[in-house]
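Contents: one structure, followed by commentary.
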Amino acid sequence: MNTKDKDDETEAKIIHALISHGYSVSIPIGDNDKYDIIVDDNGSLYRVQCKTAWTNKEGTMQFNTHTQITKERKYHENTHHGEVDAFLVRYPENEELCWIQIEEATEQKMELRFNAKINHPSINWAADYEFDGRI
């Protein structure tokens, strides 16, 4: 499966999960918006970037919190801070979804741990962000 197909599958599964939990979801037309979907939570609107996570190392998942584009033969990286309200991340290995407010996201990549031998304050635990149907 190519990257575009994988991202489309992630968006579809995220939209399905949100609708199943009673949220209204809007999809912008085109691919040039900074967000993938808008989630309506009883009148509160959230601009959401959908992301597919991958296994970084055992017991963790990781996802990009920035975009990468090539424009006029130059490579550009842009963060989503100020342009989205949250990430909704799908981890295909177990189909877990995580809701991460933009204020809690790192600038390039974010790693979420399922388990660790130590409990350090810098660890982002996947369980703390697990989407349970509530935003």
Side-chain angles (χ1 to χ4, degrees):
M1 185 180 295
N2 67 42
T3 303
K4 177 71 172 133
D5 290 342
K6 184 171 50 172
D7 291 343
D8 287 346
E9 179 181 52
T10 288
E11 279 188 40
K13 289 186 177 197
I14 285 172
I15 290 167
H16 178 266
L18 288 164
I19 291 170
S20 295
H21 287 289
Y23 294 99
S24 177
V25 178
S26 299
I27 304 168
I29 296 173
D31 288 331
N32 294 321
D33 292 299
K34 303 295 182 182
Y35 47 86
D36 295 316
I37 59 176
I38 297 172
V39 180
D40 186 340
D41 180 21
N42 292 320
S44 294
L45 301 178
Y46 296 93
R47 300 167 298 169
V48 176
Q49 179 67 226
C50 300
K51 292 290 187 175
T52 307
W54 66 89
T55 302
N56 181 41
K57 54 190 167 202
E58 187 177 340
T60 69
M61 69 172 166
Q62 187 175 49
F63 65 98
N64 289 326
T65 59
H66 68 285
T67 58
Q68 306 168 35
I69 59 167
T70 303
K71 186 176 179 182
E72 298 173 0
R73 297 184 184 191
K74 292 183 181 177
Y75 177 75
H76 301 272
E77 285 187 0
N78 299 311
T79 68
H80 294 285
H81 286 78
E83 297 174 339
V84 303
D85 301 304
F87 292 102
L88 197 44
V89 181
R90 173 181 162 252
Y91 184 55
E93 297 295 319
N94 63 8
E95 291 301 330
E96 183 170 340
L97 297 179
C98 293
W99 177 276
I100 296 120
Q101 292 291 119
I102 192 67
E103 298 84 18
E104 297 182 43
T106 58
E107 298 247 343
Q108 293 293 313
K109 292 182 182 351
M110 187 166 181
E111 182 178 86
L112 302 177
R113 287 184 179 261
F114 298 110
N115 55 54
K117 293 180 182 177
I118 61 169
N119 185 7
H120 193 274
S122 67
I123 294 175
N124 294 309
W125 296 104
D128 292 342
Y129 298 100
E130 186 175 345
F131 178 68
D132 62 358
R134 291 174 287 157
I135 293 177

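Under the 4.5 Å side-chain heavy-atom criterion for Ile, Leu, Val, Met, Phe, Trp and Tyr, Tyr35 and Val39 are members of distinct hydrophobic clusters. One hydrophobic cluster holds both Ile19 and Trp99 under the rule that ILVMFWY side chains link at heavy-atom gaps under 4.5 Å. In the hydrophobic cluster analysis, where Ile, Leu, Val, Met, Phe, Trp and Tyr join through side-chain heavy atoms closer than 4.5 angstrom, Val25 is grouped apart from Val84. Residues Leu97 and Ile135 fall within the same hydrophobic cluster, defined by Ile, Leu, Val, Met, Phe, Trp and Tyr side chains chained together at heavy-atom separations under 4.5 Å. By the rule that hydrophobic residues join a cluster once side-chain heavy atoms approach within less than 4.5 Å of another member, Leu45 and Val48 end up as members of separate clusters.
Within the model, atoms NZ of Lys6 and CD of Glu11 stand 13.5 Å from one another, a figure rounded to the nearest 0.5 Å. For the atom pair CD1 of Ile14 and CD of Gln49, the computed distance is 9.5 Å after rounding to the nearest 0.5 Å. Separating the NZ atom in Lys51 from the CD1 atom in Ile100 is a distance of 11.0 Å, to the nearest 0.5 Å. If you take CD1 on Ile123 and CZ on Arg113, they are separated by 5.0 Å, rounding to the nearest 0.5 Å. The CG atom of Asp33 sits 12.0 Å away from the CD1 atom of Ile27 when rounded to the nearest 0.5 Å. A distance of 7.5 Å separates CG of Asp85 from CD of Glu103, quoted to the nearest 0.5 Å.
Relative orientation of the His80 and Phe87 rings is perpendicular, given thresholds of 30° and 60° on the angle between their planes.
Annotation: side chain of Phe63 is in contact with side chain of Met110 (closest heavy-atom distance under 4.5 Å). Taking 4.5 Å as the limit, some side-chain heavy atom of Met61 sits within range of a side-chain heavy atom of Cys98.
Proximity of a side-chain donor or acceptor of Thr65 to a complementary backbone N or O of Thr106 within less than 3.5 Å is detected. Judged by distance alone, with hydrogens and angles left aside, the side-chain atoms of Asp132 form a donor-acceptor pair with the main-chain N or O of Arg134 at under 3.5 Å. A donor-acceptor distance shorter than 3.5 angstrom exists from the side chain of His81 to the backbone of Ile102, with no hydrogens or angles considered. A distance-only check finds a donor-acceptor pair linking the side chain of Asp36 to the backbone of Cys50 [under 3.5 Å]. In this structure a side-chain-to-backbone donor-acceptor pair under 3.5 Å is present from Asn2 to Asp5. A donor-acceptor pair is defined here as one N or O able to donate and one able to accept, closer than 3.5 Å; such a pair exists between the side chain of Tyr23 and the backbone of Gly133. In this structure a side-chain-to-backbone donor-acceptor pair under 3.5 Å is present from Arg47 to Glu83. No donor-acceptor pair under 3.5 Å is formed between the side chain of Gln108 and the backbone N or O of His66. Not a single donor-acceptor pair under 3.5 Å links the side chain of Asn124 to the backbone N or O of Leu112.
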Exercise for review: Could you please spell out the steps behind the side chain to side chain contact (heavy atoms under 4.5 Å, CB included) verdict for Ile37 and Leu18?
Suggested key: CA-CA 11 Å; Ile37 59 176; Leu18 288 164; 3.6 Å; yes
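You'll find the ring centres of Phe114 and Tyr91 inside the 6.0 Å limit.
Under a cut-off of 6.0 angstrom, the local environment of CD in Glu95 is crowded, with over 12 non-hydrogen atoms contributed by other residues, nucleotides or ligands.
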